[in-house]
Each structure stands twice: as structure tokens, then as C-alpha cells.
Engineer: 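I'd like to ask some things about the structure below.
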Amino acid sequence: MSEERSLNFLEEIIENDIAAGKNNGRVHTRFPPEPNGYLHIGHATSICLNFGLARKYNGKCNLRFDDTNPVTEETEYVESIKNDIKWLGFEWDGEYYASDYFETLYEYAVTLIKKGFAYVDDSTAEEIAEMKGNLNTPGKESPCRSRSIEENLRLFEEMRDGKYKDGEKTLRAKIDMAHPNLLLRDPLMYRIKHEHHHRTGDQWCIYPMYDFAHGQSDSIEEITHSICTLEFIHHRPLYDWFIEQLGIFPSHQYEFARRNLTYTVMSKRKLLQLVNEKHVSGWNDPRMPTISGMRRRGYPAAALRQFSDTIGIARRENIVDIAMLEFCVRENLNKTSNRVMAVLDPVKLVITNYPEGKEDIFDAGNNPEDPNGGTRQVPFSRELWIEREDFMEVAAKKYFRLAPGNMVRLKSAYIVQCTGCLKDDAGNITEVHCTYLPESKSGHDTSGLTVKGTIHWVSVPHARTAEVRMYDRLFRIEDPSNEEGNFKDYINPDSMNVLPGVYIEPALAGAKPGEAVQFMRKGYFCVDTESTPDKLIFNRTVTLKDAWVKEVKKG
RNA sequence: AGUGCGAUGGUGUAACGGUAGCAUCACAGACUCUGACUCUGUUUGUCUAGGUUCGAAUCCUAGUCGCACUACCA
């Protein structure tokens with residue numbers, strides 16, 4: 001039955017907490033995106049982690065938008081984020097916004113001022129940076145540090161009332177300007193921004209910094225396990241300090257290593273650049289590692305969940321081979337997608353002993369992996385389209401497709417024997433000729449023959465056409481971010497190859513956007529969102545593994 | 001340089017003082033009306049040097065290497 005699976009380090013922490021009766025055994029996580037961009041595969045694994053942990057331990061998981069910077073945040077992103085999480089198959093327990101807590105946060109700040117743990121600083125950004133010191137020299141205390149509590153209270157209220165311009169004053173925590181952790185050298189709690197906020201409008205002109213919003217929001221929601229990536233590890237002492245001084249619910253932060261993928265970039269800044277500079281068509285371009293891009297590409301949500309599960313979770317840096325993701329995609333699609341025939345690079349096959357005008361209709365199984373997958377009808381005639389690469393005038397060794405004298409099975413139809421080919425003046429093959437064996441009809445084969453090769457085909461008079469977009473990796477090297485020079489220098493020039501007139505079998509005529517199929521022997525494809533009944537468009541989701549390609553490469 | 005975190009096959013992840021395992025990749029073979037899927041097998045690993053111990057990936061010491069932190073971003 002089910003194998004005993006070892007726990008990851010977060011599950012261990014949680015199980016220990018439950019065993020110790022911490023929080024009465026309650027588990028409450030949260031996924032805290034900032035609504036300033038689209039979610040990517042890294043977020044997807046974080047979503048699976050946070051929601052998955054809550055699910056596993058009968059807990060809850062909130063969705064909380066970390067919207068404390070009105071300059072970059074927009075409602076458009078809120079909607080796309082919610083949509084992506086739902087598509088991934090998760091439901092949040094509470095939908096919250098850090099901006100919901102602005103009033104409470106303000107009161108918390110007042111509390112800290114009253115306790116002498118915060119002060120208003122008149123220093124400019126440059127002065128603050130100057131006084132901060134650096135990695136090996138301690139900082140200097142601001143002249144404002146010794147202001148009286150009464151004055152701080154008055155000034156902070158005036159900041160809120162809009163009496164000061166952007167950057168004129170800040171509220172800082174009073175901790176230790178000589179602390180080896182730079183974040184503890186009197187970090188900023190509030191800054192002035194006369195900006196319109198996507199939810200609170202013009203109600204506020206002071207906004208809390210991440211460090212004075214995130215932990216407090218966790219605490220307000222009584223989050224038990226606040227999970228974030230490793231770069232926030234230096235923030236944890238500050239996270240704990242604020243909670244302790246405030247005496248509020250003690251949420252705890254735990255960090256894990258973000259997961260990187262080969263042949264891609266993950267930072268929002270770089271992704272934004274790809275979009276803005278039109279290297280891709282948008283955030284949901286099928287080559288993008290965004291959730292919306294992968295969805296459009298045809299990656300099933302279940303594959304993303306499986307991927308997240310498979311790669312696990314740890315605290316060491318890593319770069320996951322994209323082959324792992326592709327494996328998960330293939331494994332899911334193999335079980336669920338119907339097989340159909342499409343000829344991407346066509347050459348005509350003429351069956352010289354098949355009467356002109358005659359046709360057969362074959363029932364072809366939709367999915368060998370699914371006994372209840374049903375069948376569809378596929379028309380057959382004297383002239384068929386086949387792949388150009390399925391014929392060789394002189395067969396290479398181990399090549400068992402069409403070549404003069406060779407026999408192959410036409411999938412779901414007859415066995416044919418190649419008799420030769422026609423060429424144009426330039427020597428290009430224009431037609432392949434063969435004869436068929438009537439007694440080899442699929443399902444009623446009495447020929448007694450077995451052939452090594454089976455190829456796919458589409459009947460010429462019955463064929464429909466579609467545009468097929470052949471996608472490949474966006475970058476041509478494993479780790480574009482770590483390479484010398486600009487990451488954009490490593491964009492794969494062949495990341496998208498559009499085939500305008502691919503022949504597809506007629507059963508595909510009514511395919512709807514989002515529908516996933518396997519073009520037999522060619523890969524998994526899905527109908528693009530831009531597809532219409534008049535102009536069908538397919539995206540290549542992922543290729544099939546191809547032992548023949550490897551054989552050819554070996555030479 | 002200061003502080004913190006980390007180091008297990010090509011990649012990801014287990015082993016919590018007692019047989020270095022799983023997945024993927026690669027390779028070889030079987031099967032096949034998809035050169036797919038499936039099945040079988042193979043190669044490849046504990047950063048280094050000491051120490052503790054009957055026994056060390058695990059504990060200790062010293063080193064090496066990598067990453068993060070010096071935004072009024074999150």
C-alpha cells in the first residue's frame with residue numbers, strides 16, 4: 001500500500017508542536033503575495049506548501065495580500081493571483097489584506113512610541129543610509145533618537161495627518177545602531193507616501209514597511225506557522241522583537257530555500273523585463289514560468305502539485321532540473337489526454353493499389369491508458385499526409401519506418417509496403433508510394449504479419465488545418481541568471497516556432513480552448529486561448545520522449 | 001571583512017550513532033498497432049583533515065567552498 005514517507009523539516013516542526021500541545025494543536029498558515037506581479041512556479045510550490053500543510057494537519061490557510069506599498073500594487077494583480085490559486089486547486093480560509101490592518105498597525109506603532117521603542121526621524125534617506133554603517137562598521141545614532149515620547153507622539157500624528165511631504169520624516173524602531181544584523185539598526189517602520197492605494201484610496205499617506213506589517217498581520221490572524229523563503233531569515237529577530245514588545249499573539253517564522261529551475265529565470269524583475277521588452281507576448285506567454293503561462297501552455301494543475309511534492313523542501317540552495325517538471329507533466333497528460341493524429345511536416349503518401357474515390361472509416365481508440373476513453377472515427381483514403389521524417393529513400397540502420405521495400409502499420413488502419421517515391425527537379429521528395437494489404441485491417445488483421453514500425457497519418461481529402469506553435473525552453477543555458485553578462489543574451493532563439501498549416505484529423509474540428517490532446521508520436525498539445533473554430537491554434541505543451549532522436553544523435 | 005544559513009550521485013530529496021534509500025536524468029534490454037507508456041537492469045554520491053565511538057552522512061574541532069544581508073521594496 002502506501003509507502004511510509006519521511007517528513008520534511010517543516011512537517012517535523014509542526015508535528016513536534018502538535019505533540020507539545022502548542023496552540024492547542026492548531027495549525028494555521030498563510031500565503032502572502034504582494035499584488036505587484038503575476039505568480040510563477042516558485043509561488044506555486046509555496047502555495048502547495050502552505051495550503052498542503054494546512055490540509056494535512058486539518059488546519060487553515062489564509063490568503064493575505066501584502067499590500068503596503070501603493071506605488072507598485074494593483075487590483076489587476078489581486079484578481080490574477082486569486083484565479084491562479086483556485087486553478088491550482090486550493091481554497092483559502094480567509095481572504096485578508098495587510099491594508100485591512102492599517103488602523104491597528106498605527107495603534108501598535110503608537111504603543112511602541114509610548115514604550116520608548118520608536119521615534120520619529122527627520123533624517124533624509126541618504127542620511128539614514130549614511131548613519132547605518134555597513135557590514136563591518138557600526139552605525140551612528142540619529143540626532144532625533146532622543147526625542148521625547150510626547151514629541152514623537154505629536155510628530156507621528158502629524159505624519160498621519162499629512163503635514164509632511166514624502167520622505168520628510170520616518171518612524172523608526174529604537175533598537176541598536178551597532179547591531180551586527182543591519183536590520184536591527186533602528187529599522188524604518190513607517191514612511192510617508194502621498195499615493196493612492198488600490199484599496200484604502202487616499203485615506204492614508206503613511207504606510208508601514210514590510211517588517212512592521214508582516215509579522216503583525218500574522219499575529220492578528222493568529223498564524224501559527226509563518227513560512228517564507230530563506231532571504232527573510234535575517235528578518236526573524238526583528239519579526240520576534242516587534243511581537244514581543246507589543247505582547248501580541250506569538251506567530252513564528254520558518255524559512256525554506258526557494259526553488260530554482262534550470263533553463264529559466266524566476267525573479268519578478270526579470271520576468272517583467274521579458275514582458276516589457278516584448279521578448280514574450282505577455283505574462284501568460286506559454287514560455288513564461290508563470291502559473292498563467294504554464295496553464296496556457298497546457299501544464300495540468302495536478303502536474304504542478306505533483307512537481308511540488310516530488311522536489312520536496314529543504315534549506316539548501318538548489319536548482320531543480322526542468323526535466324523533473326516535464327516528467328510530471330507527461331505523467332499526468334499520459335493518463336488523461338486523448339490520442340489524435342496530426343502531421344506537422346507533411347509529405348504525401350499514395351497507396352497505389354487503393355481505389356480512387358474509395359474510403360474507409362476506422363474506429364480508433366482515444367486513449368490506451370483509459371479503457372473507458374471511447375473511440376472516434378477516422379476517415380481513410382488513397383492519399384494520406386505523413387511526416388516527412390517517416391520516409392527515407394535509403395534507410396539508416398535501425399530505422400524501421402518507410403523506405404523502399406519496408407513495411408509499416410498505418411496507425412489504426414492497414415499495413416503498407418513502400419514501393420518508391422517521386423521527386424521534383426531539385427531532388428526533393430514530393431510523393432511516397434506504397435501498396436496496402438487489405439487483410440491487415442486494424443482489428444481484423446488476418447495477414448499474420450508483424451511490422452516493427454507504426455506511423456500516424458491524416459487523409460488528404462478529409463484533413464483540416466491548424467496553426468501549431470512549437471514551444472521550447474525560453475533559455476538555451478541551464479542557469480541564465482548566474483551566467484556572465486545579461487540574462488537576455490541567453491534567450492533561446494527557437495523558443496517558439498509557428499507551423500501555420502498543420503494537417504489534423506477531422507475529429508479535432510470542434511476542439512475547445514484549453515483542451516489537451518496527444519498528437520501521436522509528436523507530443524502533448526493543447527488548444528490555445530486564442531483559438532477559434534475558424535482558426536484552430538495548438539500549443540505544444542511538451543514533447544514525447546524520443547528514443548529515435550537519441551539514436552540519430554549517436555550517429 | 002561582520003553576522004547568519006548551508007554543503008549527500010548530473011539534478012532534487014531521505015537516512016535523526018547501526019545495510020547510504022527514493023524520484024528524475026543518463027545508459028542497456030524486454031514489451032509495443034505511439035521508437036510513447038509500462039517493465040527489468042546498470043553507472044554515478046556523504047566538501048576536506050583530524051578526533052570521539054565497537055560503529056559517523058549524522059556528534060566534536062579546524063579548515064574549504066557556496067549563498068544571503070549594507071532599498072523610505074516585499
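What you see below is based on every heavy atom in this structure, not just the backbone, and it leaves out hydrogens, waters and symmetry mates. In the text below, chain A, chain B and the rest are named by the order of the sequence lines, each starting its count at 1.
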Engineer: In this structure, how many angstroms lie between the P atom of B:C73 and the CD atom of A:E195, rounded?
Structural biologist: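 Distance, rounded to whole Å: 11 Å.
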
Engineer: Considering just the side-chain nitrogens and oxygens of A:K553, establish if one lies under 4.0 Å of OP1 or OP2 belonging to B:G35.
Structural biologist: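 Answer is no, no contact under 4.0 Å.
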
Engineer: Provide the distance between the two C1' atoms, one in B:U38 and one in B:C31, to the nearest whole Å.
Structural biologist: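 Comparing C1' positions in B:U38 and B:C31 gives a spacing of 8 Å.
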
Engineer: Which one is paired to B:C33, where only Watson-Crick or G-U wobble pairs with both distances under 3.5 angstrom count?
Structural biologist: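 No nucleotide pairs with B:C33.
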
Engineer: A:F232 near the nucleic acid: base, sugar-phosphate alone, or nothing, with a heavy-atom cut-off under 4.0 Å?
Structural biologist: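 The answer is base, as A:F232 lies within the cut-off (heavy atoms under 4.0 Å) of a base atom.
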
Engineer: Check every atom of B:G12, B:C25, B:U34 against the side chain of A:F327 and return the nucleotide holding the closest atom.
Structural biologist: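 Ranking B:G12, B:C25, B:U34 by closest atom to the A:F327 side chain puts B:C25 first.
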
Engineer: For B:G12 and A:R259 - does any side-chain N or O of the residue sit under 4.0 Å from the phosphate oxygens OP1/OP2?
Structural biologist: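 So the side chain of A:R259 is outside the cut-off, no N or O lying under 4.0 Å from OP1 or OP2 of B:G12.
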
Engineer: Side chain of A:R191: nearest nucleotide among B:C72, B:G66, B:A26?
Structural biologist: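 Within the option list, the nearest is B:C72.
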
Engineer: With RNA chain B as reference, determine whether A:L230 or A:T262 sits nearer its 5' end, using the nearest nucleotide of each.
Structural biologist: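 Looking at the nearest nucleotide for each, A:L230 comes out on the 5' side.
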
Engineer: If pairing requires Watson-Crick or G-U wobble contacts with both distances under 3.5 Å, which nucleotide is the partner of B:U42?
Structural biologist: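 B:A26 is the nucleotide pairing with B:U42.
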
Engineer: At what distance, to the nearest 0.5 angstrom, does CD1 of A:I361 lie from CZ of A:R376?
Structural biologist: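 If I round to the nearest 0.5 Å, the distance is 12.5 Å.
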
Engineer: Picking from B:U34, B:C73, B:G35, which would you name as closest to the side chain of A:K411?
Structural biologist: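 Looking only at side-chain atoms, A:K411 lies closest to B:U34.
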
Engineer: Below 6.0 angstrom between ring centroids: does that apply to A:Y414 and A:F362?
Structural biologist: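 They qualify: ring centres under 6.0 Å apart.
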
Engineer: Is it the case that the base of B:A74 and the side chain of A:H235 share a donor-acceptor contact (distance under 3.5 Å, atom types as modelled)?
Structural biologist: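 Pair found.
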
Engineer: Could you tell me if the ring centre of A:F65 sits under 6.0 Å from that of A:Y96?
Structural biologist: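 For A:F65 and A:Y96, the ring centres are not under 6.0 Å apart.
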
Engineer: In whole Å, what separates the P atom of B:A28 from that of B:U64?
Structural biologist: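 Roughly 43 Å separates the two P atoms.
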
Engineer: So for A:R401 and B:G35, does any side-chain atom that can act as donor or acceptor lie under 3.5 Å from a complementary atom in the base?
Structural biologist: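 Under the 3.5 Å cut-off, the side chain and the base do form a donor-acceptor pair.
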
Engineer: Atom NE2 of A:H197 to atom P of B:A74: distance rounded to whole Å?
Structural biologist: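 Taking NE2 of A:H197 and P of B:A74, I get 10 Å after rounding.
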
Engineer: Nearest to the side chain of A:T170, which nucleotide is it out of B:A68, B:C72, B:A74?
Structural biologist: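 Minimum distance to the A:T170 side chain belongs to B:C72.
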
Engineer: Can you find a side chain N or O atom of A:T72 that sits less than 4.0 Å from OP1 or OP2 on B:A74?
Structural biologist: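 It does not, given that no N or O in the side chain of A:T72 lies less than 4.0 Å from OP1 or OP2 of B:A74.
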
Engineer: If B:G2 has a Watson-Crick or G-U wobble mate with both distances under 3.5 Å, name it; if not, just say none.
Structural biologist: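 Base partner found: B:C69.
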
Engineer: Looking at B:U13, does its base get a donor-acceptor pair with the side chain of A:R316 below 3.5 Å?
Structural biologist: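 By the distance-only test, no, there is no pair.
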
Engineer: If I take atom CZ in residue A:R339 and atom C1' in nucleotide B:U32, what distance separates them, rounded to the nearest angstrom?
Structural biologist: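 Atom CZ in A:R339 sits about 13 Å away from atom C1' in B:U32.
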
Engineer: Remember a base hit wins even if backbone is also touched, and classify A:Y207 as base, sugar-phosphate or nothing at under 4.0 Å, heavy atoms.
Structural biologist: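 Since no nucleic acid heavy atom lies under 4.0 Å of A:Y207, the category is nothing.
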
Engineer: Find which nucleotide of RNA chain B each of A:K554 and A:G312 is nearest to by heavy atoms, and output the residue with the more 5' nucleotide.
Structural biologist: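 Looking at RNA chain B, the more 5' nearest nucleotide goes with A:G312.
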
Engineer: Let's see if you can work this out: which of B:U34, B:A26, B:C25 has an atom nearest to the side-chain heavy atoms of A:K550?
Structural biologist: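 From the listed options, B:A26 comes nearest.
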
Engineer: Using a heavy-atom cut-off of 4.0 Å across all strands, would you classify A:I233 as base, sugar-phosphate, or nothing?
Structural biologist: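 Sugar-phosphate contact only.
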
Engineer: Whole angstroms only, please: what is the CD1-C1' distance between A:I175 and B:U3?
Structural biologist: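 Rounded to the whole Å, the gap is 16 Å.
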
Engineer: Using the P atom as the reference point in each nucleotide, state the distance between B:G12 and B:U46 in Å, no decimals.
Structural biologist: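 Each nucleotide's P atom is 16 Å from the other's.
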
Engineer: Give the ring-plane orientation class for A:Y354 versus A:F380, where under 30° counts as parallel, over 60° as perpendicular and anything between as tilted.
Structural biologist: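 Correct class here is perpendicular.
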
Engineer: With ring centroids as reference points, do A:F9 and A:F256 lie under 6.0 angstrom apart?
Structural biologist: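 No, the ring centres sit 6.0 Å or more apart.
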
Engineer: When you compare B:A1 with B:U44, how far apart are their C1' atoms, in angstrom units rounded to a whole number?
Structural biologist: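 The answer is 39 Å between these two C1' atoms.
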
Engineer: Decide yes or no, distance alone: a donor-acceptor N/O pair under 3.5 angstrom between the base of B:U34 and the side-chain of A:K545.
Structural biologist: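 Counting by modelled atom types and ignoring angles, no donor-acceptor contact under 3.5 Å is found here.
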
Engineer: Taking only the side-chain heavy atoms of A:R315 (C-beta and beyond), determine which of B:C37, B:C69, B:G6 contains the nearest atom.
Structural biologist: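 Selected nucleotide (nearest to the side chain): B:G6.
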
Engineer: With a 4.0 Å cut-off on N to O distance, would you call A:D121 and A:K169 a salt bridge?
Structural biologist: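 Not counted as a salt bridge, because no side-chain N and carboxylate O are separated by less than 4.0 Å.
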
Engineer: Provide the distance between the two C1' atoms, one in B:A30 and one in B:A20, to the nearest whole Å.
Structural biologist: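 My reading of the C1' atoms in B:A30 and B:A20 gives 30 Å.
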
Engineer: Is it true that A:F307 and A:Y299 have ring centroids separated by less than 6.0 Å?
Structural biologist: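 When the ring centroids of A:F307 and A:Y299 are compared, they turn out to be at least 6.0 Å apart.
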
Engineer: If you check the A:L188 side chain, which of B:C72, B:U3, B:U38 turns out closest?
Structural biologist: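 Per side-chain heavy atoms of A:L188, the pick is B:C72.
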
Engineer: To the nearest Å, give me how far apart CZ (A:R330) and P (B:C37) are.
Structural biologist: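 Checked: the CZ to P distance equals 8 Å.
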
Engineer: Report yes if the distance between the aromatic ring centroids of A:Y239 and A:H235 is under 6.0 Å, otherwise no.
Structural biologist: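 No.
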
Engineer: Any base atoms under 4.0 Å from A:I455, or only sugar-phosphate, or nothing? Heavy atoms, all strands.
Structural biologist: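 The answer is nothing, as A:I455 stays clear of every strand by at least 4.0 Å.
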
Engineer: Expressed as a whole number of angstroms, how long is the span from A:E231:CD to B:C73:P?
Structural biologist: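 Distance check: A:E231 CD to B:C73 P gives 17 Å.
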
Engineer: Are the ring centres of A:Y524 and A:F519 closer than 6.0 Å?
Structural biologist: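 Not close enough - the centres of the two rings lie 6.0 Å or further apart.
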
Engineer: How many whole angstroms separate atom CH2 of A:W548 from atom P of B:G35?
Structural biologist: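 It is 12 Å, rounded to the nearest whole Å.
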
Engineer: Return the nearest nucleotide to the side chain of A:M209; candidates are B:U13, B:C37, B:C72.
Structural biologist: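 The nucleotide sitting nearest to the side chain is B:C72.
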
Engineer: Under 4.0 Å, counting only non-hydrogen atoms across every strand here, what does A:Q518 touch: a base, just sugar-phosphate, or nothing?
Structural biologist: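 Base, at least one base heavy atom under 4.0 Å.
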
Engineer: Is the distance between the ring centroids of A:Y38 and A:H43 less than 6.0 Å?
Structural biologist: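 Not under 6.0 Å, so no.
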
Engineer: Within the structure shown, what part of the strands sits under 4.0 Å from A:P368 by heavy-atom distance: base, sugar-phosphate, or nothing?
Structural biologist: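 Answer is base: heavy atoms of A:P368 come under 4.0 Å of a base.
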
Engineer: When the P atoms of B:A23 and B:A7 are compared, how many Å lie between them, rounded to an integer?
Structural biologist: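 Rounded to whole Å, the distance is 23 Å.
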
Engineer: Tell which nucleotide pairs with B:U48, taking only Watson-Crick or G-U wobble pairs whose two distances are both under 3.5 angstrom.
Structural biologist: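 Because both required distances fall under 3.5 Å, B:U48 counts as paired with B:A62.
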
Engineer: C1' atom, B:C5 versus B:U43: distance in rounded Å?
Structural biologist: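 So the two C1' atoms sit 34 Å from each other.
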
Engineer: Can you check whether A:K268 has a side-chain N or O nearer than 4.0 Å to OP1 or OP2 of B:C73?
Structural biologist: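 It does not, given that no N or O in the side chain of A:K268 lies less than 4.0 Å from OP1 or OP2 of B:C73.
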
Engineer: Could you work out which one of B:C33, B:G12, B:U70 sits closest to the side chain of A:L135?
Structural biologist: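 Looking only at heavy atoms from C-beta outward on A:L135, the closest nucleotide is B:U70.
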
Engineer: Would you indicate which nucleotide in B:C72, B:A14, B:U32 comes nearest to any side-chain atom of A:S6?
Structural biologist: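 Among B:C72, B:A14, B:U32, the one nearest the side chain of A:S6 is B:A14.
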
Engineer: Would you mind reading off the distance between A:H234 atom NE2 and B:C5 atom P, rounded to a whole angstrom?
Structural biologist: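 From A:H234 NE2 to B:C5 P: 9 Å.
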
Engineer: Look at the side chain of A:S442 and the base of B:C33, then say whether one donor and one acceptor between them are separated by less than 3.5 Å.
Structural biologist: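 Answer yes: a donor N or O sits under 3.5 Å from an acceptor.
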
Engineer: Suppose you measure atom C1' in B:C59 against the same atom in B:G17; what distance do you get, rounded to whole Å?
Structural biologist: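 It comes out at 8 Å once rounded to the nearest Å.
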
Engineer: Pairing check on B:A14: which nucleotide meets the Watson-Crick or G-U wobble criteria with it, both distances under 3.5 Å?
Structural biologist: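 WC or wobble partner does not exist here.
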
Engineer: Under the criteria of a ring-centre distance below 5.5 Å and an interplanar angle below 30°, is A:Y210 stacked with the base of B:A74?
Structural biologist: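 Per 5.5 Å and 30° rule: no stacking.
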
Engineer: Checking all strands, does A:G453 fall into the base, sugar-phosphate, or nothing category for heavy-atom contacts under 4.0 angstrom?
Structural biologist: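 Touches nothing.
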
